[in-house]
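Presented below is the structure to which this report refers.
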Number of protein chains: 2
Amino acid sequence: MGTKLETGKKIGKADIRHENEKSILEAAESVFAEYGFKGATTSLIAKRAKIPKANLHYYFPTKEKLYRQVVDNIFNIWLEAANSFDDCNDPADALTRYISKKMDISRDHPMGSKVWANEVLHKAPVIHDYLETTLREWTDTRTAVIQRWIDQGKIAPVNPEYLLYMIWATTQHYADYNHQIETLNGGKPLNARQFEDAKEQVVRIILTGIGIEPGKAQ
Amino acid sequence: MGTKLETGKKIGKADIRHENEKSILEAAESVFAEYGFKGATTSLIAKRAKIPKANLHYYFPTKEKLYRQVVDNIFNIWLEAANSFDDCNDPADALTRYISKKMDISRDHPMGSKVWANEVLHKAPVIHDYLETTLREWTDTRTAVIQRWIDQGKIAPVNPEYLLYMIWATTQHYADYNHQIETLNGGKPLNARQFEDAKEQVVRIILTGIGIEPGKAQ
DNA sequence: TAAAATCCTGACCAATCGGTCAAGATAAAC
DNA sequence: GTTTATCTTGACCGATTGGTCAGGATTTTA
């Protein structure tokens, strides 16, 4: 029949399932980011999600299936920034938006980036198929775009792949290495101002580096 | 009294100790890089070092002490590149050499870089004192050098710390993410030619990006 | 050669972890 | 109201892991 909350909303089984899966996934993301796949324990995830371990295994039968779900979510967020590349054929605009977006993701979803980094570091036992299919296709189309810019003389001749690596490396560094950055920043995370400065500088150096004038665009 | 090898060299206890510690440390570096601290098992390290696990614990009482030793070695190699910064006060030369050196380290000691990355990713439970002391001092003196270049008008005005982060991120990406790079490169590691191209491009984009002409220097 | 120091190793142990299960609680369907 | 489906959980288990230990082997010292 369903009981009621103070708000007056009914709570059904569907809601319970949705709520629990959500809190488990959130807890899992933070624990996997902090300890890696092996180092993470289902009991710690359950504790952070505030449910008994047995209940976690009711929703996610195995640790690996839970992990896959976490990586899936991250990968989708990660690809979300891809759109920035497509809208326009002005390299200054496209790259500025793409780099900015990736910096924002590093700030807003640092744990996701860490899970990904950890996975690649350990030879990607779980996500290897992503690398070979989705990421491969994504990369191929974008390197083609960059190559076109080069052919049109819009940017300096560079190897498109290595340019992408540079963008990925620099932007994700602010998530993956945020502990190191924080320590070097006197123990405090970069504040909003500092982060905007960093973002602006990354855009400026890369754009200038490949021979285009960084615009005011954000 | 010591036995003899085919070479005629005597084998003493000191040699044995040295030999075993070396092979254990090598095995440990690769296993820690591949599986992280938690994921690594002392029995696998022992297996790769071709000695019984009990013997490993004779030389290194605990897994953590072995890990610390590995990180120590890496950190020293990592700081070895620091010299490139000091010799000369021409930014083009200094940065070209520093970036090249860091790229070489990523190629020649990828596992060390991965151990470091893994450690920072997991909030540096073991090396946190390094970050606060040695790395902090190193960074402070180098940002001062960069600031001087700026004040002298030799390079464009940039935030020295964020410039260092960009260099670290981009160069270490070729170690930490080499599995991803390899996959995107058709399953094969970058060959010597490709790696040199990548190195040259990283130098070029960064130097151009901060307003100096990349020389022919290597 | 005898004694001392160092090195080697199979067998073992306590702790932890992923996952199971059975029995109860709650909501949905009829 | 009764049955059925879903959700909850403490107790438990086999497997793995870091680390120990006793006793033997080898080298060094005297």
Side-chain angles (χ1 to χ4, degrees), chain A residues 1-5 7-25 27-29 31-32 34-71 122 125-126, chain B residues 1-5 7-25 27-29 31-32 34-71 122 125-126:
Chain A
M1 279 289 160
T3 43
K4 286 190 172 189
L5 276 180
T7 62
K9 276 194 178 178
K10 267 195 218 161
I11 293 188
K13 295 281 188 190
D15 302 293
I16 289 176
R17 172 157 225 120
H18 185 263
E19 193 82 10
N20 280 341
E21 283 179 348
K22 189 184 154 198
S23 63
I24 291 171
L25 283 170
E29 188 182 73
V31 174
F32 282 132
E34 196 164 347
Y35 301 99
F37 178 75
K38 271 271 196 175
T41 66
T42 53
S43 71
L44 178 58
I45 295 171
K47 194 178 171 187
R48 287 205 189 166
K50 288 169 186 166
I51 58 167
K53 191 183 70 169
N55 202 10
L56 181 150
H57 278 99
Y58 169 73
Y59 287 103
F60 296 91
T62 70
K63 184 183 174 184
E64 187 166 342
K65 277 179 183 164
L66 174 55
Y67 184 71
R68 276 201 96 95
Q69 186 69 55
V70 169
V71 174
H122 301 348
V126 173
Chain B
M1 279 292 151
T3 44
K4 287 189 171 189
L5 277 180
T7 64
K9 276 195 179 176
K10 267 194 216 163
I11 292 188
K13 295 280 189 189
D15 301 295
I16 288 177
R17 173 157 222 117
H18 185 263
E19 192 83 10
N20 280 341
E21 283 179 348
K22 188 183 154 198
S23 63
I24 291 171
L25 283 169
E29 187 182 75
V31 174
F32 282 132
E34 195 164 348
Y35 300 100
F37 178 74
K38 271 273 194 173
T41 66
T42 53
S43 70
L44 178 57
I45 295 172
K47 194 177 171 187
R48 287 207 190 164
K50 288 169 186 167
I51 57 166
K53 191 183 69 169
N55 201 12
L56 180 150
H57 278 100
Y58 170 73
Y59 287 103
F60 297 90
T62 69
K63 185 183 173 183
E64 186 165 341
K65 278 181 182 163
L66 174 56
Y67 185 70
R68 278 200 94 95
Q69 186 69 55
V70 168
V71 173
H122 300 349
V126 173

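The chains referred to below are lettered A, B, ... by the order of the sequence lines, with proteins before strands, and numbering in each begins at 1. What you see is a predicted model; the values in this text were computed from it and never measured. Only this structure's heavy atoms are used, side chains among them; waters, hydrogens and symmetry mates stay out.
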Report task. Using atom NZ of K38(B) as one end and atom C1' of dA15(C) as the other, report the distance to the nearest whole Å. Result -> 11 Å
Report task. Give the rounded distance in Å between these two atoms: NE2 of H18(B) and P of dT27(D). Result -> 19 Å
Report summary line: Closest of dG18(D), dC7(C), dC17(C) to the T41(A) side chain is dC17(C)
Query raised in the report: So, is R17(A) close to the dT6(D) phosphate, meaning a side-chain N or O under 4.0 Å from OP1 or OP2?
Result: no
Query - I16(A) CD1 to dA5(D) C1', straight-line distance once rounded to whole Å - result: 13 Å
Report summary line: Considering only heavy side-chain atoms of K63(A), the closest of dT20(D), dG18(D), dG18(C) is dG18(C)
Report task. Starting at atom CD1 of I51(A), determine the distance to atom C1' of dT6(D), rounded to an integer number of angstrom. Result -> 15 Å
Query raised in the report: Can the positive tip of K38(A) be found less than 6.0 Å from the middle of the six-membered ring of Y35(B), inside 45° of the ring normal?
Result: no
Query - Side chain of N20(B) - closest among dT17(D), dC8(C), dC7(D) - result: dC8(C)
Query raised in the report: Given side chains that start at C-beta, do those of L66(A) and F32(A) come closer than 4.5 Å, heavy atoms only?
Result: yes
Requested in this report: Report yes if some heavy atom in the side chain of Y58(A) is under 4.5 Å from a heavy atom in the side chain of N20(A); otherwise report no.
Outcome: no
Query raised in the report: So among L25(B), I51(B), L56(B), V70(B), which one has a side chain to side chain contact (heavy atoms under 4.5 Å, CB included) with I45(B)?
Result: L56(B)
Report summary line: Closest of dT9(C), dC7(D), dC7(C) to the P52(B) side chain is dT9(C)
Query raised in the report: When the nearest nucleotide of DNA chain D is assigned to K53(A) and to Y58(A) on a heavy-atom basis, which residue is associated with the more 5' position?
Result: Y58(A)
Query raised in the report: Side chains of K63(B) and F37(B): does their closest heavy-atom pair fall under 4.5 Å?
Result: yes
Query - Between C1' of dT17(D) and CZ of F37(B), the distance in whole Å - result: 12 Å
Query - Between dG18(C) (P) and I45(A) (CD1): distance, integer Å - result: 8 Å
Requested in this report: Could you check which of dG10(D), dG19(D), dG19(C) has an atom nearest any side-chain atom of T62(B)?
Outcome: dG19(D)
Report task. Please report, rounded to the nearest Å, how far the P atom of dC17(C) is from the CG atom of L56(A). Result -> 14 Å
Query raised in the report: Nearest-Å distance, CD1 (I24(A)) to C1' (dT9(D))?
Result: 14 Å
**Report entry** Proximity to the side chain of N55(B) - top-ranked nucleotide from dT9(C), dT6(C), dG18(D)
**Finding:** dT9(C)
Report task. For the side chain of A54(A), starting at C-beta, report the closest nucleotide among dT20(D), dG18(D), dT9(D). Result -> dT9(D)
Report task. Classify the nucleic acid contact of A46(B) as base, sugar-phosphate or nothing, counting any heavy atom under 4.0 Å across all strands shown. Result -> nothing
Requested in this report: Name the closest nucleotide to the T42(B) side chain, picking from dC7(D), dC7(C), dG18(D).
Outcome: dG18(D)
**Report entry** Sugar-phosphate only, base, or nothing, as touched by F60(A) at under 4.0 Å among non-hydrogen atoms
**Finding:** nothing
Query raised in the report: Is R48(A) salt-bridged to E34(A), cutoff N-O under 4.0 Å?
Result: yes
Requested in this report: Let me know, please, whether G39(A) or P61(A) comes out on the 5' side of the other along DNA chain C by nearest nucleotide.
Outcome: G39(A)
